[in-house]
Amino acid sequence: MTGVVSKLAAARPVAAPPLPPASVRSPALAFAPSPCRFRVSIAGRARSPIIAMASAKEGNGAPTKRTSLHDLYDLQGLSPWYDNLCRPVTDLLPLIASGVRGVTSNPTIFQKAISSSSAYDDQFKQLISAGKDAESAYWELVIKDIQDACKLFEPIYNETDGADGYVSVEVSPRLANDTEGTVEAAKWLHKVVNRPNVYIKIPATAECVPSIREVISNGISVNVTLIFSIARYEAVIDAYLDGLEASGLSDLSRVTSVASFFVSRVDSLIDKMLEKIGTPEALALRGKAAVAQAKLANQLYQKKFSGPRWEALAKKGAKKQRLLWASTGVKNPAYPDTLYVDSLIGPDTVNTMPDQALQAFIDHGTVSRTVDANVSEAEGVYSALEKLGINWDEVGKQLELEGVDSFKKSFDSLLVSLQEKGNSLKTASV
């Protein structure tokens, strides 16, 4: 699985990567089909699509129409990423042309992609014919998509000197409470993907915070995922800084990281709590918790990535661990559909958007610096929620458990389906 991927449109026989180590693999344990295709369109009566010219050979192309995604980056320093990945990976080309600068994936995204598309069937049949089990086949399907996507974003990675253009792939969600297993899985994924612009996603569980430090110290770039509280976010920053310091590298410029701070799920949970309290004061705070906490996280980012400790690392080429706003699709239809993009715009940040949020922002989003606006108001909301009896640490713990469990269920469900599919292929070949 090494070397440059030159043809991206169709699956083909590939050299099998070595099997993950025993600590990475796990026994196999209801799909919700989801369309993979995304069309970029502009607001208006006819909602005509942007026609984006792109070259598969060059991995990028010039759009015929500028979008607000370009403005996010050029005017405000926020990198818009796309929270989805599926085949054909070349479907990303129009998105890149429209201003998308990176991609995130997770087990749920791959469950939907693989279970709802026939684009994976040929490669899967080849893998099963070669004697691969369901989990080994899963990783080979995923690794090919990640490699192919990395190739498309490589021009952005090169143009920004490794600051942008990343594609994220997550370690097995079954390892969320396994410190050493996560380290080994991250090393394995980094080795077999073998692309400079891959981020290995590691969850910010208590058990995996030490894993983040260890992986960073090994010179591997990391997307830390499932961050739901400021306390855990600070632990993640410290793990990154500790890892850089422990690396022993004289040039730290190629070891980078993002911290994925989840947003909409916070409002979904806290809104329910506020409705249960039911007072006018409580109800008035609905839809405000997530953005308030995110703005305070940005204040912590500013504090931690300044001063003597950071300056010493920066002299060695270290890059700041950017805040990445995740879970930015609006779940409550009563809220503006661009709420979690419009409210958190600012320099040195990333916003990874699912289809609906990306489409909505292109259509009618507002490009204006907001992430450090009205911080005192955010502090007031945060404190008011505490006075109402809402414990932010407990909210973070609950959302983390739910997030890990959701990814595990998606992973297990897909492996069961692949196992059944593999068994039927074997039976048919007898």
Contacts of Y138 meeting ring pair (Phe, Tyr, Trp, His ring centres under 6.0 Å) (sequence neighbours excluded), chain-then-number -> F411

Taking side chain as C-beta onward, heavy atoms only, is T352 less than 4.5 Å from Y82?
no

message: Less than 6.0 angstrom from the centroid, inside 45 degrees of the normal: does R213 satisfy that with respect to the ring of Y240?
response: no

CD1 of I200 to OG of S257, rounded to nearest 0.5 Å, is 11.5 Å

Quick one: are K187 and E184 in side-chain contact, heavy atoms under 4.5 Å? yes

Residue set satisfying salt bridge (charged side-chain N to carboxylate O under 4.0 Å, His left out) with E245, at least two apart, ordered chain then number -> R309

Requested in this report: Apply side-chain contact (heavy atoms from CB on, under 4.5 Å) to L92 and V100, showing your working.
Outcome: CA-CA 9 Å; L92 292 170; V100 168; over 6 Å; no

Correct closest heavy-atom pair for V404 and P173 would be CG1-O, 4.3 Å

Distance col, row L388:CG vs I390:CD1, nearest 0.5 angstrom, shows 6.0 Å

Check your understanding: Given side chains that start at C-beta, do those of S247 and L252 come closer than 4.5 Å, heavy atoms only?
Key -> yes

Among side-chain atoms of S221 and R254, is any donor-acceptor pair under 3.5 angstrom? no

Notebook entry, point to check: Hey, are R87 and D145 close enough for a salt bridge, meaning a charged N less than 4.0 Å from a carboxylate O?
Noted result: yes

For F124, the ring pair (Phe, Tyr, Trp, His ring centres under 6.0 Å) test, sequence neighbours excluded, returns none

Residues pairing under salt bridge (charged side-chain N to carboxylate O under 4.0 Å, His left out) where one sits in residues 200-211, two or more places apart or in two chains, turn out to be E170-K201

Margin query: If we count only N and O atoms by modelled type, under 3.5 Å, do the side chains of S327 and S264 hold a donor and an acceptor together?
Written below: yes

Hits for salt bridge (charged side-chain N to carboxylate O under 4.0 Å, His left out) against D83, two or more places apart or cross-chain, chain-then-number order -> none

Residues V266 and W392: closest non-hydrogen pair is CG1-CZ3, 4.1 Å

Here the salt bridge (charged side-chain N to carboxylate O under 4.0 Å, His left out) pairs for residues 381-405, sequence neighbours left out, are R232-E400, E394-K397, D405-K409

Contacts satisfying ring-ring contact (aromatic ring centres under 6.0 Å, His included) that involve residues 155-186 (not counting sequence neighbours) are Y157-Y166, Y166-Y199

Residue pairs passing the salt bridge (charged side-chain N to carboxylate O under 4.0 Å, His left out) test with at least one member in residues 329-346, sequence neighbours excluded, are none

Distance col, row W139:CH2 vs I146:CD1, nearest 0.5 angstrom, shows 9.5 Å

V371 side chain reached by Q76 side chain, heavy atoms, under 4.5 Å
no

By salt bridge (charged side-chain N to carboxylate O under 4.0 Å, His left out), D348 pairs with (sequence neighbours left out) none

Are D71 and S68 close enough that a side-chain donor and a side-chain acceptor fall under 3.5 Å? no

Contact check, side chains of V142 and V169, non-hydrogen atoms, under 4.5 Å:
yes

Here the gap from L85 atom CG to F110 atom CZ, rounded to the nearest 0.5 Å, amounts to 4.5 Å

field: Distance-only polar pair, side chains of S410 and T108, donor-acceptor under 3.5 Å
entry: yes

Taken in chain and number order and not counting sequence neighbours, the residues that satisfy side-chain hydrogen bond (donor to acceptor under 3.5 Å, both in side chains) with S253 are D251

Notebook entry, point to check: Do N423 and Q419 have side-chain atoms, one donor and one acceptor, less than 3.5 Å apart?
Noted result: yes

Can you confirm whether I216 sits close enough to D242 that some side-chain heavy atom of one is under 4.5 Å from a side-chain heavy atom of the other? no

ring-ring contact (aromatic ring centres under 6.0 Å, His included) pairs touching residues 331-353, sequence neighbours excluded, are none

Separation between CZ (F305) and CG (L313), nearest 0.5 Å, reads 9.0 Å

F228 meets the ring pair (Phe, Tyr, Trp, His ring centres under 6.0 Å) criterion, sequence neighbours left out, with F262

Below 4.0 angstrom, N of the basic side chain to O of the carboxylate: do D267 and K288 qualify?
no

Contact between L324 and T225 at the side-chain level, heavy atoms closer than 4.5 Å - yes or no?
no

CG (D238) and CD1 (I212) are apart, to the nearest 0.5 Å, by 11.0 Å

